[in-house]
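These notes are about the structure you will find just below.
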Amino acid sequence: MTSITNHMPTAELQALDAAHHLHPFTHGSDLAKKGVRVITRASGSTLTDSEGNEFLDAMAGLWCVNLGYGRPELAEAAARQMKELPYYNTFFQTTHVPAIALSARIAELTPGDLNHVFFASSGSEANDTNMRLVRTYWEQKGKPSKKIIISRKNAYHGSSMGSASLGGMSAMHAQGGLPIPDVHHIEQPHWYAEGGDMSPEEFGLERARQLEQAIHDLGEDNVAAFIAEPIQGAGGVIIPPETYWPEIQRICDAHEILLIADEVICGFGRTGKWFGSQTLDIRPDIMTIAKGLSSGYQPIGGSVVSDEVARVMDECEFAHGYTYSGHPVACAVALENLRILDEEGIVERAGTETAPYLKEKWETLTDHPLVGEARIAGLMGSIALTPHKESRAKFAAEAGTAGLICREACFGNGLVMRHVGDRMVISPPLVITKDEVDTLIERAWTALDVAHKRLTDEGLMKAAS
Ligand SMILES: *Cc1c(COP(=O)(O)O)cnc(C)c1O
């Protein structure tokens, strides 16, 4: 095991962290008791902590390190740009080369006539931009009553006031006065958990038609847009039935509303093509991008809009922007990331070689007694933990109990896999090798065994009635 000498002992780091660092999406005092894990280095798909333990990162950080860790070219791109022009803004009639080059490159990569980029520093910011943008768009077109944005329960669109309101996470809405007005949530296309006795195909249509019903009930004159992730990520990697997106697309085409595809996770190769909209045959008017755009090496996101949306927005001054919209260092790093993903054929290989290999292996996990289903699209997958396979039963214990036990078993076994309630999710770097896929599956299987034993010993293998 490599020794690490460039920092203080782990216990001291943990004590300082507990004393001064407030963590996102974490129960602070619980964490302080357990002691936080300090990640010190990473390379490829492997993380190293302050004790020298290594983990296979099947989450690519938070769904973002598509290129894998440790690419010196990105560090060099950042250093080069910092020396030349570390910062300038894109407000008030100015611009700079990295923002120009990156927006042109994104326009080339994105499908259809999505040719114009409004930059932000994160997915949350980009979705806040989208909220203001679609409403301003309709005001410009003389239809100011079109304000409502339809979204879905259990969607994730970010953590700011606007984007968390767009999202449909009940635990987030329970805190801080969310959602803000004029956001309406329909049900998600989650057949395994909510499909009952319907076939997935029937259920997909039923859930899609809720959009048409909502447009009807709210009044088409009041609806600005529908926003959705092509495949829900943070909600548990929920791959919709095949009937779902064609019907959603039909409904969006038949009505005067904008379609926003939140590609923050699905974009940049995650689903096996450059964008989830290509994998699922969606034609959005606006795309939200972030995460894989820079593979997480720099914070950057954006809204990519169609020719028509840009044309209408160009007729006014959009009173909106962030100090760091199109930050030159972030743009330079994102450009280098896109260059490597393309020139080394990483997106291509992820789709044509790694994804089919991973799918075959991932689906073998359904043979495990704890697993109710295993689904995967490209390099994003999930398994449902269940006390009773045949009935797709939930656990009697509080949701997330089994998931947390399984996640801890993964960590104990050198694998980072996340839990969303009682689903386990993966989203590995696109550069994961076939050998590493084998390791991922072996470690997942062992962790499932450990979790199964613990759940059995603690009397938790009971179905909810
Ligand atoms: C992560 C995520 C966001 C928010 O991005 P941040 O950079 O964390 O603000 C938005 N949409 C989706 C689909 C995401 O997964």
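Ligands are counted one by one from 1 in listed order, and the atoms in each one are counted from 1 as well. This structure is a prediction, so every number in the text was calculated from the model and none was measured.
- Not a single ring-ring contact (aromatic ring centres under 6.0 Å, His included) links His190 to another residue, sequence neighbours left out.
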Check ligand 1 against the protein and report each N/O to N/O distance under 3.5 Å, formatted as atom name, atom name, distance.
unit_1	atom_1	unit_2	atom_2	d
ligand 1	5 (O)	Gly123	N	3.4
ligand 1	7 (O)	Gly123	N	2.9
ligand 1	9 (O)	Gly123	N	3.4
ligand 1	9 (O)	Ser124	N	2.7
ligand 1	9 (O)	Ser124	OG	2.5
ligand 1	11 (N)	Tyr156	O	3.4
ligand 1	11 (N)	Asp262	OD1	3.3
ligand 1	11 (N)	Asp262	OD2	2.7
ligand 1	15 (O)	Lys291	NZ	2.7

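- When the shell of 6.0 Å around CG of Leu62 is examined, it contains 12 or fewer heavy atoms from other residues, nucleotides or ligands.
- Applying the ring-ring contact (aromatic ring centres under 6.0 Å, His included) criterion to Phe119, with sequence neighbours excluded, gives no partner residue.
- Between Arg152 and Asp262 there is no salt bridge, since none of the side-chain N atoms of the basic residue sits less than 4.0 Å from a carboxylate O of the acidic one.
- Atom OG of Ser382 sits about 7.5 Å away from atom CH2 of Trp362, to the nearest 0.5 Å.
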Return a table of donor-acceptor pairs under 3.5 angstrom between the side chains of residues 167-175 and protein atoms on other chains or two or more places apart.
unit_1	atom_1	unit_2	atom_2	d
His173	NE2	Ala164	O	2.9
His173	NE2	Gly167	O	2.9

